Structure formats: C-alpha cells, structure tokens
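This one's a predicted model, so the numbers in the text were calculated from it and none came from an experiment. Just follow the structure's listing: the first ligand is 1, and inside any ligand the first atom is 1.
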Amino acid sequence: MTKKTVLLISCLVFLFCGCSKTNKNTVVFEVGGAPNEISFWEEIIKDFQQQSGIKVEIIRQPTDTDQRRQGLVVALKSNKNNPDVFLMDVAWISQFAASGWLENLDNYLKADKVDTGIFFKNVINLSDKYNNNTIALPVYVDGGMLYYRKDLLNKYGFNNAPVTWDQLIEYSLKIQKQERKTNPGFYGFVWQGAQYEGLICSFIEFAGSNGGIIIKDNQIKINTPANIKTLGMLCDLIHIQKISPPNIFTEMKEEEVRTFFQQGDALFERNWPYAWSLHQNDDSAVKGKVGLASVPHFAGNKSASTLGGWHIGISKFSDAKDLSWEFVKFTVSYETQKKLAMKLGWNPGRKDIYKDREIKQKFPHFSYLGNIFENLTPRPNLPYYTQISEIMQKHINSALSGKTNPETALKEAELEINNSIKRYLK
Ligand code: GLC
C-alpha cells in the first residue's frame with residue numbers, strides 16, 4: 001500500500017467512525033524493556049513518522065516480561081482498541097493467539113510481498129504461527145549464553161571457557177577464593193533464579209544440558225531424574241559450593257545479573273545477548289574483558305539454549321490495522337533491524353542482517369549466534385503455558401531457597417500442573 005493510500009484511508013476512517021483515539025492517523029504502540037530499549041523505539045518512531053506521515057504514540061512498559069504481559073492482557077481482555085500494536089514475549093504469543101487477540105498478518109504479508117523466509121525458520125514456525133496463520137513477526141531473537149571474564153581465566157591459567165558444569169564449578173571455586181582477597185563480594189556464577197519467567201528459561205536450558213525436557217507428547221514431564229539432578233546442582237551452587245550468591249533466588253532477574261557481572265563481581269554470567277554491548281560501555285568495569293560461550297553442559301551431554309525473544313503483532317480490536325501494519329513492516333525492515341543490532345547489539349529476527357558487512361565487522365560474535373539461533377530450545381508452545389510456568393516458578397524457586405528439596409519440588413510441580421491443565425484439555 002502506498003503512503004498516499006494509507007493517509008487517505010486514515011482520513012476516511014477518522015471522518016466516518018469517530019473513536020476513542022484522538023487522531024485516526026495515530027497508531028498506539030505498547031512496548032517495554034531496559035531504558036536503552038525505550039530510547040531506541042523513540043528514535044525508530046521518529047524515523048517512521050517522518051517517512052510515512054503516520055503518528056505513533058508510545059505506551060511505555062516495565063522491563064519484566066510478566067508485568068508486560070499483564071499490562072497488555074488488561075486492555076485486550078476488555079477488547080480495547082488501544083494499543084493497536086505491541087511487542088510480545090515469545091513465551092506468551094500462543095496464549096494471545098488462542099484468546100483471539102491477534103490479527104492474522106497473512107493477507108498483509110501477501111499484499112506487500114513480504115517473504116517470511118527472511119526470518120529464522122525455526123523461530124517463525126515455533127512462535128509466530130497459530131492454526132497455520134501468521135499472527136506475529138520476530139523483531140529480535142534471544143538465546144541464553146555464558147559470559148565469562150577472559151582476563152581472570154587467563155590470570156589463573158585457564159585457557160578456555162568451561163564446557164561442562166564440573167569445569168565451571170572448578171574454575172569458580174579456585175578464582176573466587178583468590179579474588180575474594182581483594183573483593184570480598186566476588187562470586188563465581190550469576191544467573192536468573194528469582195521467581196519469574198526468567199527462572200524457567202534458565203531451568204529449561206540447564207536441564208536441557210542434561211538431556212532433561214519438560215514436555216513430551218503434549219504431556220508435561222518435569223519430574224524426571226535428569227531434571228531432579230539439574231535442580232540439585234543449582235541448589236548446590238548456592239548452598240554447598242556457594243559460588244552463586246544467596247540473592248539468586250530472591251531477586252536475580254536479567255538486569256540484576258547483568259549489573260552484578262558488569263561491576264566486576266562475578267566470573268561467569270548467564271544472560272541473553274543484549275548484555276554484550278552494555279558490558280562494552282565506557283562505564284563498565286568489564287569493558288574489553290568479556291568472552292562469550294555456550295552455556296555449559298553435563299558430562300556426556302550437549303549445551304542447550306532457551307529460545308527467547310520479542311515479536312510484534314497487531315491487536316484484533318485495533319481500529320487502525322492498516323496503519324499498524326505499516327509500522328510492523330517498518331520494524332522488520334532491513335533498515336530498522338540493522339539499527340537494532342548496531343545501536344543495541346541485539347539479535348534481529350531477520351537472517352540477512354547477520355551477513356551484513358558492517359555488522360560482521362562490529363560484532364564478530366554474530367555469526368556464531370546466527371548459527372545457534374536455528375537450534376534453540378523452545379518453551380512449551382501452549383495457550384496455557386503461563387499457568388504451567390507460574391507453577392514451575394513457585395516450586396523450583398522454593399527448592400532453590402532450601403524450603404523444599406528437588407525431588408519434592410518437581411513431584412509437586414508436575415502434579416499441580418497436570419491438575420491445573422485438565423480444565424484446558426476438556
Ligand atoms: C527475555 C527473553 C524472553 C524471556 C524473558 C524472561 O526477555 O527474550 O523470551 O521470557 O527474557 O525473563
């Protein structure tokens with residue numbers, strides 16, 4: 001659709017329908033994230049407005065995925081025409097689709113000849129399709145990574161990043177002991193263990209590195225020997241080896257983990273790719289000292305990385321769907337996706353950006369990430385996933401805190417999940 005047609009349609013809609021939004025040439029976009037993400041979107045919106053003549057109002061959300069979901073659910077459940085367009089965590093797209101809140105994008109894609117083959121195939125197939133309809137598009141992809149202090153590994157005679165969990169524990173114990181002589185708050189390994197969605201991402205990854213799974217033949221299978229062993233190892237990191245700090249299970253989410261590591265207080269960090277460029281900021285204590293590797297695995301197994309990321313979709317209740325599509329198209333355009341990478345160091349949903357000369361020069365680690373993005377471990381793609389996750393969060397976190405043991409925690413989680421999903425399967 002041309003710019004002129006879009007403008008004409010918006011004017012007509014404005015004249016004839018009267019609506020709760022003040023200006024029918026306006027799209028309301030709801031988005032959250034770390035402060036640098038919001039500033040990025042403000043810039044993108046400015047460019048879009050200039051190029052298209054379509055106004056975008058932004059509703060700012062917090063960083064935490066659970067809070068972002070709740071904010072959107074309130075509006076969508078009451079069929080509000082505002083927001084028109086929003087970012088969704090890959091973890092809750094199918095819940096939104098099953099609730100009938102997302103517009104099918106296939107006609108738009110077809111009309112504008114947007115080929116979905118430009119995106120990571122696995123990501124789009126696992127996350128953006130519902131009943132064979134395309135209901136979202138990937139703006140950026142996340143996969144869990146291990147960040148490590150190159151300088152400290154060298155200082156203590158370790159030449160490479162740890163490949164197994166045993167190595168991670170060994171390196172941490174040795175280096176933590178020495179570093180504490182000058183920095184008493186130093187720890188071996190920080191990761192997301194607070195009671196929220198990020199804990200399940202960590203758990204799926206760590207359990208996956210032990211051959212553990214949480215769903216099989218559409219049945220939730222959490223109470224397995226591989227998963228119990230994984231949870232036992234995580235508890236030991238905090239309470240036995242004490243290489244992970246005690247606030248892992250009370251408050252460690254992405255940003256807490258990132259700042260802990262960035263202040264120079266940890267040897268290893270599990271986080272998403274977004275942390276990379278922040279670690280290279282001038283005010284970062286670890287600038288130039290960080291390496292990136294796959295999350296370790298149990299001996300005899302292989303590494304796993306959880307599929308994360310954020311996708312853009314249009315509300316079924318929007319009264320500015322055509323205008324919203326123009327904005328969606330802009331967010332997944334080569335230009336915007338390249339900016340997302342150049343400015344934030346994030347990983348675009350489009351594969352072609354990974355081959356861009358400038359990108360390859362600025363971020364040599366991108367080619368490595370591009371390869372692992374086709375093989376990420378998804379969370380169960382179920383409309384009631386949020387309920388499953390909340391139950392898992394409660395029990396796993398309780399084991400991490402020492403209130404219960406791994407066997408009981410996973411047994412109770414599985415029981416409670418199976419009881420709770422019965423009502424969805426009726
Ligand atoms: C990141 C991921 C998202 C995940 C969340 C958990 O934002 O992109 O998929 O659910 O972290 O905290």
ring-ring contact (aromatic ring centres under 6.0 Å, His included) partners of residues 385-422, not counting sequence neighbours, each pair once: none
Side chain to side chain donor-acceptor pair (under 3.5 Å) assessment of Ser244 paired with Trp191: CA-CA 8 Å; Ser244 292; Trp191 44 283; 3.0 Å; yes
Could you give the side-chain donor-acceptor pairs of residues 139-147 under 3.5 Å, partners two or more places apart or in another chain?
residue, atom, partner, partner atom, Å
Tyr147, OH, Trp272, O, 2.7
Tyr147, OH, Pro273, O, 3.3
Tyr147, OH, Trp276, N, 3.3

Set of residues satisfying side-chain contact (heavy atoms from CB on, under 4.5 Å) with respect to Ala285, sequence neighbours excluded: none
Steps toward side chain to side chain contact (heavy atoms under 4.5 Å, CB included) verdict (Ile396, Ile200): CA-CA 9 Å; Ile396 294 176; Ile200 304 309; 4.2 Å; yes
Centroid-centroid distance, Trp310 to Trp41, less than 6.0 Å: no
Sub-3.5 Å pairs, protein N or O with ligand 1 N or O:
residue, atom, partner, partner atom, Å
ligand 1, 7 (O), Trp310, NE1, 3.0
ligand 1, 8 (O), Asp142, OD2, 2.5
ligand 1, 8 (O), Gly309, N, 2.8
ligand 1, 8 (O), Trp310, NE1, 3.2
ligand 1, 9 (O), Asp89, OD1, 2.6
ligand 1, 9 (O), Gly309, N, 3.1
ligand 1, 9 (O), Arg379, NH2, 2.8
ligand 1, 10 (O), Asp89, OD1, 3.4
ligand 1, 10 (O), Asp89, OD2, 2.4
ligand 1, 10 (O), Arg379, NH1, 2.7
ligand 1, 10 (O), Arg379, NH2, 3.4
ligand 1, 11 (O), Glu254, OE2, 3.2
ligand 1, 11 (O), Trp272, NE1, 3.1
ligand 1, 12 (O), Glu254, OE1, 3.4
ligand 1, 12 (O), Glu254, OE2, 2.6

